[in-house]
Amino acid sequence: MERTYIMVKPDGVQRGLVGEIIKRFESRGYQLMALELLHPTKEHLEEHYKDLAGKPFFPGLIQYMLSGPVVGMVWAGKDAVKTGRVMLGETNPMASAPGTIRGDFALDVGRNICHGSDSVESAEREIALWFPRGVNSYERSISVHGLIYEN
């Protein structure tokens with residue numbers, strides 16, 4: 001099964017949306033593999049967002065991400081990266097469809113509630129960065145019995 005990294009950003013944590021986001025992923029059938037309330041350093045965030053370092057909004061993004069705790073999560077399941085991104089909605093919440101997390105809860109691209117890995121490779125890099133001790137795995141009996149995925 002594929003894994004993805006989903007992070008509830010400071011605005012999502014402050015607004016009490018962590019449970020709602022977890023609920024949506026669990027309701028979809030994804031398996032929660034790791035969860036932690038984190039207080040990232042500036043250096044940690046710069047490493048996470050290194051692909052955006054040259055953008056004019058980068059300093060503001062780092063300041064925003066330092067403004068409060070974040071919740072890092074690892075989810076596993078079929079097409080977890082692609083489907084996770086669809087569930088989050090567009091980066092610009094105003095372009096997000098109702099029913100997506102950003103479409104339902106966010107109004108501004110600079111305060112868009114959550115982050116989701118954009119590729120399997122990015123997901124594995126982000127999981128290693130945010131969960132350096134590793135991620136435990138376990139087999140869900142509900143999956144074994146074909147109640148989530150066809151056998």
Side-chain angles (χ1 to χ4, degrees), residues 1-138 140 148:
M1 287 288 125
E2 193 172 278
R3 300 188 311 172
T4 192
Y5 177 72
I6 302 294
M7 177 171 49
V8 183
K9 296 179 178 179
D11 56 325
V13 174
Q14 293 294 328
R15 291 178 55 196
L17 297 174
V18 175
E20 177 66 29
I21 293 166
I22 291 171
K23 176 184 171 193
R24 288 183 184 215
F25 277 85
E26 284 185 329
S27 295
R28 186 69 187 239
Y30 287 103
Q31 181 179 8
L32 182 61
M33 304 300 292
L35 172 80
E36 190 170 350
L37 182 69
L38 303 158
H39 296 270
T41 64
K42 182 177 186 240
E43 294 74 25
H44 197 101
L45 290 166
E46 287 172 343
E47 177 63 23
H48 176 82
Y49 287 113
K50 67 182 178 183
D51 60 319
L52 302 174
K55 303 286 185 182
F57 60 82
F58 185 73
L61 171 63
I62 299 301
Q63 283 308 116
Y64 152 62
M65 293 298 294
L66 287 169
S67 69
V70 301
V71 173
M73 298 179 276
V74 177
W75 292 92
K78 186 176 182 181
D79 291 325
V81 171
K82 180 178 148 190
T83 304
R85 300 267 307 172
V86 170
M87 290 171 63
L88 296 182
E90 300 295 324
T91 301
N92 179 351
M94 299 310 285
S96 292
T100 64
I101 292 165
R102 291 176 178 148
D104 289 349
F105 301 112
L107 295 172
D108 196 349
V109 69
R111 303 293 182 268
N112 64 3
I113 309 291
C114 45
H115 163 84
S117 301
D118 62 4
S119 69
V120 172
E121 297 75 27
S122 291
E124 292 304 321
R125 181 184 74 80
E126 292 169 356
I127 290 166
L129 178 67
W130 291 95
F131 293 93
R133 295 183 315 262
V135 174
N136 293 322
S137 64
Y138 66 99
R140 294 190 327 193
I148 295 178

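FYI, the numbering just counts along the sequence from 1.
Distance alone, capped at 3.5 Å, is enough to place a donor-acceptor pair between the Asp11 side chain and the Ile113 backbone. With hydrogens and angles ignored, the 3.5 Å screen pairs a side-chain donor or acceptor of Ser117 with a backbone N or O of Tyr5.
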Solution key, residues 78-87 side-chain donor-acceptor pairs under 3.5 Å, sequence neighbours excluded:
| residue | atom | partner | partner atom | Å |
| --- | --- | --- | --- | --- |
| Thr83 | OG1 | Tyr30 | OH | 3.4 |
| Thr83 | OG1 | Asp79 | O | 3.1 |
| Arg85 | NH1 | Gly116 | O | 2.8 |

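Residues Thr4 and Val74 are not in side-chain contact: their nearest non-hydrogen atoms beyond the backbone lie 4.5 Å or more apart. In this structure, the side chains of Met33 and Tyr138 come closer than 4.5 Å at one or more pairs of heavy atoms. Between Pro69 and Gln14, the closest side-chain pair of non-hydrogen atoms falls below 4.5 Å. Residues Met73 and Ile21 form a side-chain contact, since some pair of their non-hydrogen atoms from C-beta on lies under 4.5 Å apart. Contact of the Glu36 side chain with the Trp130 side chain is not registered, since no non-hydrogen atoms from C-beta on lie closer than 4.5 Å. Residues Val71 and Met7 form no side-chain contact, since every pair of their non-hydrogen atoms from C-beta on lies 4.5 Å or further apart. With a 4.5 Å cut-off on side-chain heavy atoms, Ile62 and Leu66 count as touching. You'll find the side chain of Val8 stays beyond 4.5 Å of the side chain of Val70, heavy atoms only.
Residue pairs meeting the ring-ring contact (aromatic ring centres under 6.0 Å, His included) criterion with at least one partner in residues 87-127, sequence neighbours excluded, are His48-His115. For residues 48-73, the salt bridge (Lys or Arg N to Asp or Glu O under 4.0 Å) pairs, not counting sequence neighbours, are Glu47-Lys50. Within the structure, salt bridge (Lys or Arg N to Asp or Glu O under 4.0 Å) contacts touching residues 94-122 (residues at least two apart or in different chains) are Arg24-Asp104. Listed by first then second residue, pairs satisfying ring-ring contact (aromatic ring centres under 6.0 Å, His included) with a partner in residues 58-91 read Phe25-Trp75, not counting sequence neighbours.
Summarising the geometry, atom OG belonging to Ser122 is positioned 11.5 Å from atom CG belonging to Leu129; distances are rounded to the nearest 0.5 Å. In this structure, the separation between CG on Leu17 and CD1 on Ile101 is 9.0 Å, given to the nearest 0.5 Å. Taken from CD1 in Ile6 to CG in Leu32, the straight-line distance is 11.0 Å, to the nearest 0.5 Å.
Here the shortest heavy-atom pairing between Ser96 and Thr100 reads CB-OG1, 3.5 Å. Nearest heavy atom pair, residue Met65 against residue Pro40, reads O-CG, 4.3 Å. Across Ala106 and Pro93, no two heavy atoms sit closer than the pair O-CB, 3.3 Å.
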Margin query: Evaluate Asn112 against Asn92 for side chain to side chain contact (heavy atoms under 4.5 Å, CB included), listing each step before the verdict.
Written below: CA-CA 7 Å; Asn112 64 3; Asn92 179 351; over 6 Å; no
Next item on the list: Quick one: do Ile22 and Val18 satisfy side chain to side chain contact (heavy atoms under 4.5 Å, CB included)? Show the steps, please.
Entry: CA-CA 6 Å; Ile22 291 171; Val18 175; 3.8 Å; yes
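Counting heavy-atom neighbours within 6.0 Å of Met1 CE, excluding the residue itself, gives a total above 12. Within a 6.0 Å radius of CZ in Arg28, no more than 12 heavy atoms belonging to other residues, nucleotides or ligands are found.
Glu26 is linked by a salt bridge (Lys or Arg N to Asp or Glu O under 4.0 Å) to nothing, counting only residues two or more places apart in sequence or in another chain.
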